[in-house]
J.: 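Before anything else, here's the structure in question.
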Number of protein chains: 2
Amino acid sequence: MTVEAQVDPAAEAWAIALEIVFSERPPRVPAVAAQFDVSPMGLKLLYSLEPGTAASMRRLADTLFCDASNVTGIVDRLEARGLIERREDPGDRRVKLIALTDAGADARAEIRRRLHEPPAQIAALPEADRTALRDILLRAVGPDRA
Amino acid sequence: MTVEAQVDPAAEAWAIALEIVFSERPPRVPAVAAQFDVSPMGLKLLYSLEPGTAASMRRLADTLFCDASNVTGIVDRLEARGLIERREDPGDRRVKLIALTDAGADARAEIRRRLHEPPAQIAALPEADRTALRDILLRAVGPDRA
DNA sequence: TATTGTTATACTCTATAACTATA
DNA sequence: TATAGTTATAGAGTATAACAATA
């Protein structure tokens, strides 16, 4: 798979990043999902949900960009695995709040560690390039997201 | 979604890149797949198959990292859409070679353009950062992949 | 009336295993 | 015997629509 010349250096950069992602064997996200015996969407939910916080099903549907009816099934399976729990919202009895269990928080930490592992090509870059890459991406998301 | 401090700057960089990908609304790959009315795997097949070349079903299964039985269905649907065609391999009558049609090559070019579009946070970086990002990633994949 | 979450349903995608045809 | 591709089948994931409870 080769990358065509691009006018915008950012497009060329993103093309190379995609090539790196597509070249991983096995593909990262399905592999980590299988490792923890959760679906890709279940993995994204665990990845996103912060320990010590709780989110409504509706908000999870927005985060996962999927239909609310689907969140029921995703949460059902993660709850059956003991990774999350449903709680009542004292302020609105329609709402169910989802929170990580202790086991879920442990799983989340390991999931994040695995997904943050840079691919071999990135990890092999010299120190100067790796720090420059980090600094550029930090500027891209802004100082508040660091 | 915040990013924890990482020891390795490359891991920190990859975490931010993942945050950028996860923050895209709608998620890029499903959105582009829907735009062309193909499955995510069909999209990856079109993305990968180079115009003027042909690949066996077996090789496509390796590229897509899925079971060979699944390739039959993926190829069936893309063929029905007129984007690819099955050809016979003169050297081995068991093998079927898959190649892009003209329409498929057009779709591929547009698919690649759409998938290579950098996310807003990357596109908004100053010129110096965008070229530095490209140069670092070019070094990561090596001069032969440019 | 509108919203949250659930259920019922149908459709797509996927892997496993068995099969055919070639090698 | 082994390999390429297909078919049969079942399981998992998804969206749409209809529903109950609550606001």
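So that the names make sense, note that chain A is the first sequence line, chain B the second, and so on, each numbered from 1.
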J.: It should be established whether A:Asn70 places a side-chain nitrogen or oxygen under 4.0 Å from OP1 or OP2 of nucleotide D:dG13.
T.: no
J.: Would you classify A:Asp92 as touching base, sugar-phosphate or nothing, given that sugar-phosphate means primed atoms plus P, OP1 and OP2, and contacts are heavy atoms under 4.0 Å?
T.: sugar-phosphate
J.: Could you list where the contact with chain B starts and ends along DNA chain C, reading 5' to 3', using a 4.0 Å heavy-atom cut-off?
T.: C:dC13 to C:dA23
J.: Below the 4.0 Å mark, does D:dT22 have OP1 or OP2 next to a side-chain nitrogen or oxygen of A:Arg93?
T.: yes
J.: Considering only heavy atoms from C-beta outward, does the side chain of A:Arg28 approach that of A:Val32 to under 4.5 Å?
T.: yes
J.: Going by side-chain contact (heavy atoms from CB on, under 4.5 Å), A:Arg112 matches just one of A:Arg114, A:Glu110, A:Arg108. Which one?
T.: A:Arg108
J.: So for atom CZ, which belongs to A:Arg59, do other residues, nucleotides or ligands contribute more than 12 heavy atoms lying within a distance under 6.0 Å?
T.: no
J.: Heavy-atom nearest nucleotide on DNA chain D for B:Leu97 versus A:Ala68: which residue maps closer to 5'?
T.: B:Leu97
J.: Give a yes/no verdict on a cation-pi contact between B:Arg25 and A:Phe65, requiring under 6.0 Å between NZ or CZ and the six-membered ring centre and an angle within 45° of the axis.
T.: no
J.: Could you list by number each residue of residues 31-41 of chain B showing a heavy-atom separation from DNA chain C of less than 4.0 Å, or answer none if no residue does?
T.: B:Ser39, B:Met41
J.: More 5' along DNA chain C: B:Gly91 or B:Ser69, using each one's nearest nucleotide?
T.: B:Ser69
J.: Do the side chains of A:Glu85 and A:Ile98 get nearer than 4.5 Å, heavy atoms only?
T.: no
J.: With a 4.0 Å cut-off on heavy atoms, is A:Arg59 in touch with a base, just the backbone sugar-phosphate, or nothing at all?
T.: nothing
